[in-house]
Student: 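Sharing a structure, written as structure tokens. Questions coming.
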Amino acid sequence: MKTLTLLRTTLPAICLAAVCCAVQAQEEWVSYRDAYRQMVVFAKYGKPKNFLQIHYEVSPRDPSATLEGLHLTLTGKNTQLNLPLDATGRAIFPLLKAAYDDNAVLALNRRMASYRFAPRVTILSRNDGIYESSDLRTACEQALAYQRFIDVSYSLKKCAGVRFVFGNRADALVQAKYGQREAPLPVVDGPAFDGETFGTYRTATYRFTDWSAQGQVVSQNTPLAIAPLFE
């Protein structure tokens with residue numbers, strides 16, 4: 001009877017400790033298999049995506065946080081890779097069968113629970129900085145079609161434009177041109193992507209309703225990212 005009473009008393013505490021340990025362990029890494037399953041969808045996606053690219057994004061939950069000094073690593077039995085993050089928190093994600101089979105993990109050099117992890121689809125930048133307006137519209141439509149493919153909540157969204165994202169110190173000069181009409185796009189400080197509150201980047205937004213589909217957009221510098229805008 002004393003043994004039974006002792007078990008009844010100690011088991012809840014043991015279970016609670018186990019739950020706490022499990023939660024703590026989950027905060028220390030992200031399953032590579034889970035991330036792989038998210039990212040491989042884009043690789044297998046069969047509709048047009050020639051203007052698009054996908055990255056694995058790490059974004060702070062705290063809007064005042066910084067990405068400076070943040071490192072993402074992939075670690076498994078037979079895998080050890082550093083996955084460099086760009087200035088917007090995006091990494092090129094390797095689709096590795098060995099890492100999948102090993103049930104490898106993704107980890108940061110900071111507390112994992114303070115960050116979000118998700119795929120990020122953006123528009124490919126051009127080395128010459130010259131973008132045809134029709135191509136930007138097509139790129140946005142491709143991005144929207146993909147978002148609708150993975151998330152039904154985008155079914156009522158429409159393409160509104162694209163956002164050119166630059167670092168704080170970059171010369172964010174982006175001009176829209178159509179015939180004799182030429183004007184720089186307004187540059188404002190804000191997050192790189194819709195739905196995020198983190199980061200103060202220099203951004204220039206090209207709205208499709210403001211310009212002809214036959215024009216061009218010229219960026220003096222290569223942007224950190226070009227994000228589609230859905231409204």
Student: Is I92 reachable from I54 through a run of I, L, V, M, F, W or Y residues, each pair having side-chain heavy atoms under 4.5 Å apart?
Tutor: no
Student: Does F193 belong to the same Ile/Leu/Val/Met/Phe/Trp/Tyr cluster as L52, with side-chain heavy atoms less than 4.5 Å apart forming each link?
Tutor: no
Student: Output yes when a side-chain donor or acceptor of S31 lies under 3.5 Å from a complementary backbone atom of D34, and no otherwise.
Tutor: yes
Student: Where do S125 and I226 come nearest, in terms of heavy atoms and distance?
Tutor: CA-CD1, 3.9 Å
Student: Check the pair Y32 / T75 against side-chain hydrogen bond (donor to acceptor under 3.5 Å, both in side chains), numbers first and verdict last.
Tutor: CA-CA 9 Å; Y32 175 78; T75 303; over 6 Å; no
Student: With a 4.5 Å cut-off on side-chain heavy atoms, are K177 and W211 touching?
Tutor: no
Student: How long is the span from the CG atom in L72 to the CZ atom in F117, to the nearest 0.5 Å?
Tutor: 7.0 Å
Student: Count the heavy atoms of every other residue, nucleotide or ligand shown that sit under 6.0 Å from CG of L95, and state whether that count exceeds 12.
Tutor: yes
Student: Output the distance between atom CZ (R137) and atom CZ (F51), rounded to the nearest 0.5 Å.
Tutor: 13.5 Å
Student: Given L185 and Q175, is the side chain to side chain contact (heavy atoms under 4.5 Å, CB included) satisfied, shown in steps?
Tutor: CA-CA 6 Å; L185 298 178; Q175 292 182 307; over 6 Å; no
Student: Applying a strict under-4.5 Å side-chain criterion to I, L, V, M, F, W and Y, I'd like to know whether L136 and V165 cluster together.
Tutor: yes
Student: Working to the nearest 0.5 Å, report the span between OH of Y36 and NZ of K97.
Tutor: 9.0 Å
Student: With sequence neighbours left out, write down each residue that passes side-chain hydrogen bond (donor to acceptor under 3.5 Å, both in side chains) with D151, or none if nothing qualifies.
Tutor: S153
Student: Applying side-chain hydrogen bond (donor to acceptor under 3.5 Å, both in side chains), name anything that partners Q142, two or more places apart in sequence or on another chain.
Tutor: N50
Student: Answer yes or no: is there an ion pair linking D135 with R126, defined by an N-O contact shorter than 4.0 Å?
Tutor: no
Student: For residues T122 and Q53, is any side-chain donor paired with an opposing acceptor at under 3.5 Å?
Tutor: yes
Student: Which pairs count as salt bridge (charged side-chain N to carboxylate O under 4.0 Å, His left out) when at least one residue sits in residues 182-193, sequence neighbours excluded?
Tutor: D189-R202
Student: Any heavy-atom pair between the side chains of P191 and Y201 that's under 4.5 Å?
Tutor: no
Student: Would you give the length of the straight line joining atom CG of L85 to atom CG of L67, rounded to the nearest 0.5 angstrom?
Tutor: 7.0 Å
Student: Can you find a heavy atom in the side chain of S59 that is under 4.5 Å from one in the side chain of Y115?
Tutor: no
Student: I'd like to know if E196 pairs up with R120 as an ion pair, taking the criterion as any Lys NZ or Arg NE/NH1/NH2 lying under 4.0 Å from an Asp or Glu carboxylate oxygen.
Tutor: yes
Student: Kindly say whether the aromatic ring centers of F149 and Y45 come within a distance under 6.0 Å.
Tutor: yes
Student: Would you confirm whether N109, through its side chain, and G69, through its main-chain N or O, come within 3.5 Å as a donor-acceptor pair?
Tutor: yes
Student: Applying the 4.5 Å side-chain criterion to the ILVMFWY set and letting contacts propagate, would M39 and V121 be lumped into a single cluster?
Tutor: yes
Student: Provide the closest heavy-atom pair for V187 versus A172 in the form atom of the first, atom of the second, distance.
Tutor: CG2-O, 3.1 Å
Student: How about T88 and R90: does a side-chain donor come under 3.5 Å of a side-chain acceptor?
Tutor: yes
Student: Are side-chain heavy atoms of R61 and R116 found at a separation under 4.5 Å?
Tutor: yes
Student: Compare all side-chain heavy atoms of V162 with those of T205 and state whether any distance is below 4.5 angstrom.
Tutor: no
Student: Is it the case that the side chains of R37 and Y100 hold a donor-acceptor pair, with the cut-off being a distance below 3.5 Å and no angle test?
Tutor: yes
Student: In sequence, state the C-alpha distance, the side-chain angles, and the governing distance for V30 and V105, and then conclude on side chain to side chain contact (heavy atoms under 4.5 Å, CB included).
Tutor: CA-CA 6 Å; V30 169; V105 298; over 6 Å; no
Student: Nearest 0.5 Å, what's the CZ-CD distance between F208 and E141?
Tutor: 7.5 Å
Student: For a salt bridge (Lys or Arg N to Asp or Glu O under 4.0 Å) check, start with the C-alpha distance between D101 and K77, then their side-chain angles and the critical distance, and finish with the verdict.
Tutor: CA-CA 9 Å; D101 291 342; K77 181 180 179 182; over 6 Å; no
Student: Is the positively charged end of K49 above the ring of F42, judged by distance under 6.0 angstrom from the centroid and angle within 45° of the axis?
Tutor: yes
Student: Do Q216 and Y178 come close enough that some side-chain heavy atom pair is under 4.5 Å?
Tutor: no
Student: Going through the distances and angles, do V217 and V174 end up as a side chain to side chain contact (heavy atoms under 4.5 Å, CB included)?
Tutor: CA-CA 7 Å; V217 178; V174 183; 3.4 Å; yes
Student: I need the minimum non-hydrogen distance between D102 and N78, along with the two atoms involved.
Tutor: OD2-N, 3.1 Å
Student: Indicate yes or no: at least one non-hydrogen side-chain atom of D194 is less than 4.5 angstrom from one of R163.
Tutor: yes
Student: A side-chain contact here means heavy atoms from C-beta on lying under 4.5 Å apart; do L108 and L70 qualify?
Tutor: yes
Student: Looking at every non-hydrogen atom in both residues, tell me the closest pair between L106 and A35 and how far apart they are.
Tutor: CD1-CB, 3.8 Å
Student: Please give me the minimum heavy-atom distance between T203 and G190, naming the atom from each residue.
Tutor: CG2-O, 4.1 Å
Student: Answer with yes or no whether the hydrophobic clustering places L81 together with M112; edges join I, L, V, M, F, W, Y residues whose side-chain heavy atoms lie under 4.5 Å apart.
Tutor: yes
Student: What are the two closest non-hydrogen atoms of L74 and P94, and how far apart are they?
Tutor: CD2-CG, 4.2 Å
Student: Out of curiosity, C159 SG to L229 CG, how far, rounded to the nearest 0.5 Å?
Tutor: 9.0 Å
Student: Which class fits the ring pair Y56 and F93: parallel under 30°, tilted 30 to 60°, perpendicular over 60°?
Tutor: tilted
Student: State whether R207 and D210 are salt-bridged, where the test is any N-O pair (Lys NZ or Arg NE/NH1/NH2 against Asp/Glu carboxylate O) under 4.0 Å.
Tutor: no
Student: Do the two ring centres, one from Y131 and one from F164, sit under 6.0 Å apart?
Tutor: yes
